[in-house]
Structures are given as structure tokens and as C-alpha cells.
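The structure appears below as C-alpha cells.
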Amino acid sequence: MLSLAPVADPSGYGDQDLFNTLRHISDFLRANTAGADPAFVAPFHARLGEAFRRLAPSIGVGLPDDADTDQMNALVAQRLSAKDGGGLARPAVEQFVREGIAVAREAGHAHRSGLRASGTVAHLFRADGGVPKTAVNEASVGIRGIVGDGQAHRQHHGRPFQALSLFAVELVEELRREGHPIAPGGVGENITTKGLDWEALQPGVQLRIGTVLAEVSCFADPCSQIAHNFTGRNFNRIDEDLIPGSGRRYAWVLEPGEIRVGDAIVIGAANGVELP
């Protein structure tokens, strides 16, 4: 069934993961409420703003009275970055990250309520680092993602909210028809899906994949590491901000388990929608 249980506990994050998760808190809220009525979104931004103002004194940053949550996030992240990750005031930062994630997830669940769809796992991939990843028939999945999977560049990858990367086989086929030299696994995805309404797979949506319960956290920004998959190295072809419906999805892992090629993927979002 739908789970609002906490995602990976921030107290278990290293400093790099804690800081880089904090950097994206306001992004999570905006992604989880994209397209929603401003009146629906406003209370969630107010709650996030209150959390920022509780955190700010503990790290020595002042927040202007008229700052919005994006501006608050930028100021807090800038302060922590200037301290080079040291002196994070960990208990306060951990509590803020815990609260901020909860606000964004609650907003996403309310906004995406009633959605239900299904598909299957077309491919599974893992690698020690780099792309393309190696195809496997089955995989064990923990809170941090597929066991045995890793990232060559940890500065922008490997956060708990990036535990799983998903892409649609239909998009791979569309890109190949356009002439791009892409294949499944080429853009670093762990799971290539088949038969899902890809544009409906938005932050806040939960997925039962095999025995794993996951939740879409955000969209994956493309980068030069996958440029060889695109004609003219135009990796922005799968930038969700530029071309809605084209981008990969990142997901938290709420319940670890096992995934096999061919397993069903059932997606649902909230308010009475149950997942098997």
C-alpha cells in the first residue's frame, strides 16, 4: 500500500550526501507540485520556509524577511559550501533535511492523488561506475539502490534520492528513430521500463517494482558523460526542463527487495490508491 514512511534517514548520510540533499530541498518541493494551483502550493512553501528559518541561526546565516524558499535554499547552501562541508551543525541540518523532504513528499502525494498505471521492467543495469551500465537479469535493491551499482563521479551522483535511475524503452526507440546512437543502459539508467505512461511518472508517485517499493524524487539532469549517445553530443535532448516527458527519473527506495527483468511495475500516488 502507499507508504509515507521516512526515506533514508539523514543521520546515516555522509557530509557530502547531507549537504547535496539539502541543496535540492526547494527543488524537491517545486518538482512535487509542478502544475498545481498556487493556492494549493502556498502552505507547503510556508512550512518549508519555517524550517529554513529554524535552521538558519545554527549555521550563522541571515534570511531576508521577503526571501522565498528558493532564495532561502540558495543562501543556506552557499553558507554551508563556504564552510567546505565542515561544521555542518549536523543535528540541526539532519532535522531540517528530514522535515524538508517530508514537506515535499506530502505535497507530491496530495498533488498526484488517484493516479494508477502499470508496465513492466524491460531491462536492468548496474556498473561500478560510468556508462554504459551492464545488463543483468535480476538485482537486489537496498535503500541506496541496486547492490553492486556505483558512480564514477560522486559530486553530483549517488545521493539517496538518486537511488534508482529510470528511463523508458519507448524513449530509447524514439531517439534511435531520430538517428541518435543510443541503446538501453546507455544513459546510466538502472531500470528501463516498458508500457508506462512516462509523463505521468512525476515526483511523488510511488512504484512497486518486483518486491521493491520506490518513489519518484526528481528528474535526472543530463550531462556530458552521456553525450556520446546523441547526435552532435546533444545530451540536452533528454533534459526534462527543455522537453517535458523526455528525461530520466530518479527514485528513493522505500522498501528494499528484488527486481527481475519482466517484473510488473505498478504505480500509484495517494489517498486510497494501494500498491500490491
Side-chain angles (χ1 to χ4, degrees), residues 4 6-112 154-162 202-204 215-223 236 239-242 244 247 249-250 252 270:
L4 281 170
V7 292
D9 187 351
S11 66
Y13 294 10
D15 282 358
Q16 184 183 46
D17 285 351
L18 185 64
F19 169 66
N20 279 292
T21 302
L22 178 146
R23 261 195 330 122
H24 290 281
I25 293 293
S26 66
D27 294 336
F28 292 153
L29 181 53
R30 284 190 292 103
N32 273 268
T33 55
D37 188 287
F40 167 86
V41 178
F44 295 102
H45 278 287
R47 286 170 53 191
L48 185 57
E50 291 168 3
F52 272 119
R53 293 195 183 281
R54 287 194 298 271
L55 171 65
S58 69
I59 61 172
V61 63
L63 298 177
D65 291 341
D66 60 350
D68 62 26
T69 52
D70 286 338
Q71 293 167 330
M72 292 181 189
N73 207 156
L75 289 167
V76 167
Q78 182 180 34
R79 171 62 174 166
L80 294 178
S81 179
K83 297 171 78 172
D84 197 27
L88 274 172
R90 281 203 63 110
V93 176
E94 288 169 10
Q95 181 58 29
F96 167 77
V97 168
R98 191 177 291 112
E99 291 180 16
I101 290 170
V103 169
R105 291 182 65 214
E106 183 181 336
H109 285 229
H111 180 39
R112 314 291 180 196
R154 283 276 295 153
Q155 182 179 0
H156 301 295
H157 302 90
R159 310 283 87 79
F161 61 86
Q162 300 167 318
Q202 300 288 319
E215 180 177 304
V216 180
S217 58
C218 58
F219 304 112
D221 292 331
C223 68
N236 286 322
D239 187 320
E240 185 73 17
D241 289 335
L242 298 176
R249 275 62 169 145
Y250 280 135
W252 305 94

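Residues Arg90 and Asp15 form a side-chain contact, since some pair of their non-hydrogen atoms from C-beta on lies under 4.5 Å apart. Taking the side chain as every heavy atom from C-beta outward, His111 and Gln202 never approach each other to under 4.5 Å. You'll find the side chain of Pro203 reaches within 4.5 Å of the side chain of Phe219, heavy atoms only. Between Arg47 and Glu99, every side-chain heavy-atom pair lies at or beyond the 4.5 Å cut-off. Proximity of Val93 to Val97: side-chain heavy atoms (C-beta onward) are separated by under 4.5 Å at one or more points.
In this structure a side-chain-to-backbone donor-acceptor pair under 3.5 Å is missing from Ser81 to Ala77. Here the side chain of Asn32 pairs no donor or acceptor atom with the backbone of Ala107 at under 3.5 angstrom.
A distance of 6.5 Å separates CD in Gln162 from NE2 in His24, rounded to the nearest 0.5 Å. Summarising the geometry, atom CD belonging to Gln71 is positioned 10.0 Å from atom CG belonging to Leu63; distances are rounded to the nearest 0.5 Å. Expressed to the nearest 0.5 Å, how far CG of Leu75 lies from CE of Met72 amounts to 9.0 Å. To the nearest 0.5 angstrom, Leu22 atom CG is 9.5 Å from Ile101 atom CD1. Tyr250 OH to Arg159 CZ: the interatomic distance, rounded to the nearest 0.5 Å, is 9.5 Å.
Ring geometry for Phe161 against Phe28 counts as perpendicular: the plane angle is over 60°, on a 0 to 90° scale with 30° as the lower cut.
Ser26 pairs in a side-chain hydrogen bond (donor to acceptor under 3.5 Å, both in side chains) with only one of the listed residues (Asn73, Asp68, Thr69), which is Asn73.
Taking every heavy atom of both residues into account, Asn236 and Pro222 meet most closely at OD1-CG, 4.1 Å. Pairing each heavy atom of Asp9 with each of Arg98, the nearest pair is OD1-NH2, 2.8 Å. Listed here is the closest heavy atom pair of Ser58 and Leu55: OG-O, 2.7 Å.
For the pair Glu240 and Arg249, the salt-bridge criterion is met [side-chain N within less than 4.0 Å of a carboxylate O].
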As a quick check of understanding, evaluate side chain to side chain contact (heavy atoms under 4.5 Å, CB included) for Val76 and Ile25, giving each step before the final call. CA-CA 11 Å; Val76 167; Ile25 293 293; over 6 Å; no
